[in-house]
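Take a look at the structure below.
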Amino acid sequence: MFQKDDWMTTEQGSTQPGTNDRPVKLACRNVWKLFGVNAASFIRERDGKASMADVTAAGLVGAVRAVDLEIRQGEIFIIMGLSGSGKSTLVRCMSRLVEPSHGKIEFEGKDLLKISDAALIELRRHRMGMVFQNFALLPHLNVLDNIAFPLSIQGQDRATREARAREVIDLVGLRGREHFYPRELSGGQQQRVGIARSLATKPEIWFLDEPFSALDPLIRREMQDELMRLQTMLHKTIVFITHDFDEAIRLADRIAIMKDGEVIQIGTPEELVVNPATDYVAEFTRDVDRAKVISAYSLMRACDGSEHGGTVSPDAKIASFSASIVSAGKPFAVVNGTGKPIGEVTPQAVIDLLAGIEHARADA
Ligand SMILES: Nc1ncnc2c1ncn2[C@@H]1O[C@H](COP(=O)(O)OP(=O)(O)OP(=O)(O)O)[C@@H](O)[C@H]1O
Ligand SMILES: [Mg+2]
């Protein structure tokens with residue numbers, strides 16, 4: 001067996017972008033949201049434990065059930081799951097837009113369910129940004145004023161807030177439409193106004209509920225790039241809901257997969273693809289371009305003494321060296337940060353991966 005420690009401690013060579021060691025920004029501790037009569041007392045009486053059958057028998061909807069997770073400072077944390085699996089409800093619980101029935105939400109270690117309403121409003125206004133699936137733009141305000149609106153609530157003067165609004169208008173590609181009203185914009189443009197509006201306040205933690213799903217593929221990709229660009233500059237903590245695993249892979253540090261209100265698995269895209277916890281998770285990752293997700297580390301075997309045609313780092317994705325290893329026709333050494341070989345990847349293993357042979361074996 002290979003020891004991850006051989007290279008996890010080095011500067012390069014982690015399969016993960018290294019979010020593990022960052023401080024926790026927001027945590028959910030056994031969070032429940034049940035809809036229905038006496039939902040909170042139902043789960044309190046059971047000491048925060050109940051099966052789906054219990055919930056259903058009590059006539060309640062188990063929108064979020066026993067969710068434990070930690071979102072780390074500066075990471076892009078993606079939530080995926082089928083429609084109705086509880087993604088939006090969970091994210092609304094995180095900002096207390098929906099009051100959880102049970103459990104704790106900790107923001108920088110402080111219990112969000114215990115802070116005063118005034119403190120909560122302050123937190124939402126200055127430190128949280130939100131873009132929702134069906135966000136409502138203010139129909140009587142034009143683009144500029146919609147985007148400047150949260151800044152006027154913060155008490156900023158007109159010149160300052162308009163200057164900031166124009167910055168984010170540029171960022172989301174809406175220049176020239178400052179004076180349009182929401183009804184004069186396409187769905188995608190309206191969504192960009194919502195994104196710009198939520199960015200105007202420079203939030204520390206940013207909740208995005210399928211923000212790009214109404215955009216056409218080209219614009220969607222641009223917005224994803226924009227998000228990544230912003231992230232390298234601003235290092236926000238981002239909680240992002242999407243149905244699209246390709247989008248998740250592009251953006252995610254880690255992905256949480258939800259089913260029937262529960263979080264089934266949390267991991268890097270590669271962990272989910274290589275080790276799906278359930279068939280449901282495997283189904284989500286089925287059509288993924290595995291060479292773009294799987295790293296040399298996952299594919300390597302012990303060196304067997306054969307000559308090497310090159311070297312790669314453990315975290316190099318297969319797609320980044322597939323052409324060169326196949327044309328070299330020799331195994332590549334997988335080397336850690338100090339240049340020490342920790343294994344090798346063979347051209348055949350790469351060809352099998354590209355041909356989906358490994359996948360077919362796993363299915364057999
Ligand atoms: N206010 C409410 N009252 C009753 N049930 C609700 C309420 N809000 C959500 N639900 C139920 O909770 C479950 C989770 O809903 P939620 O909107 O969180 O799902 P989702 O994963 O975001 O779905 P989608 O991908 O369609 O947006 C669903 O069964 C939904 O019907
Ligand atoms: Mg939703």
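The figures here come from the full heavy-atom set of this structure, side chains too, leaving out hydrogens, waters and symmetry mates. In listed order, ligands and their atoms are each counted from 1.
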Quiz item: Nearest heavy atom to atom 16 (P) of ligand 1: which of Thr89, Asp209, Val91 does it belong to?
Solution: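 Looking at heavy atoms only, the winner is Thr89.
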Could you tell me which atoms of ligand 1, counted from 1 in the order shown, lie closer than 4.0 angstrom to a heavy atom of [X]?
{"X": "Ser85", "result": "19 (O), 21 (O)"}
{"X": "His243", "result": "25 (O)"}
{"X": "Glu210", "result": "25 (O)"}
{"X": "Leu82", "result": "21 (O)"}

Self-check item: Joint hydrophobic cluster, Ile351 plus Leu299, side-chain heavy atoms closer than 4.5 Å
Solution: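 Yes, Ile351 and Leu299 fall within the same hydrophobic cluster.
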Quiz prompt | Polar atom proximity, Gly84 to ligand 1 (N or O, under 3.5 Å) | solution =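 Such a contact does occur with ligand 1.
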Quiz prompt | N or O pair under 3.5 Å between Gly81 and ligand 1 | solution =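 For ligand 1, there is no N or O atom that lies under 3.5 Å from one belonging to Gly81.
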Self-check item: Contact partition for Val64 relative to ligand 1, non-hydrogen atoms under 4.0 Å
Solution: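 Neither part.
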Practice problem: Tell me, please, if Ser88 has any N/O/S atom, main chain or side chain, under 2.8 Å from the Mg ion (ligand 2)? | Solution: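 Coordinating: yes.
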Determine, for [X] against [Y], whether the closest basic-nitrogen to carboxylate-oxygen distance falls under 4.0 angstrom.
{"X": "Glu75", "Y": "Lys25", "result": "no"}
{"X": "Arg127", "Y": "Glu108", "result": "yes"}
{"X": "Arg250", "Y": "Glu247", "result": "no"}

Practice problem: Might you work through the salt bridge (charged side-chain N to carboxylate O under 4.0 Å, His left out) test for Asp244 and Arg220, ending with a clear yes or no? | Solution: CA-CA 11 Å; Asp244 178 352; Arg220 183 174 185 144; 3.6 Å; yes
Quiz item: According to the salt bridge (charged side-chain N to carboxylate O under 4.0 Å, His left out) rule, which pairs have a member within residues 137-162, sequence neighbours left out?
Solution: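 Every salt bridge (charged side-chain N to carboxylate O under 4.0 Å, His left out) pair that includes a residue of residues 137-162, provided the two are not neighbours, is Arg158-Glu162.
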Quiz item: Restricting to pairs with a member in residues 54-70, which pass salt bridge (charged side-chain N to carboxylate O under 4.0 Å, His left out), not counting sequence neighbours?
Solution: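 Only Arg29-Glu70, Arg65-Glu262 qualify under salt bridge (charged side-chain N to carboxylate O under 4.0 Å, His left out).
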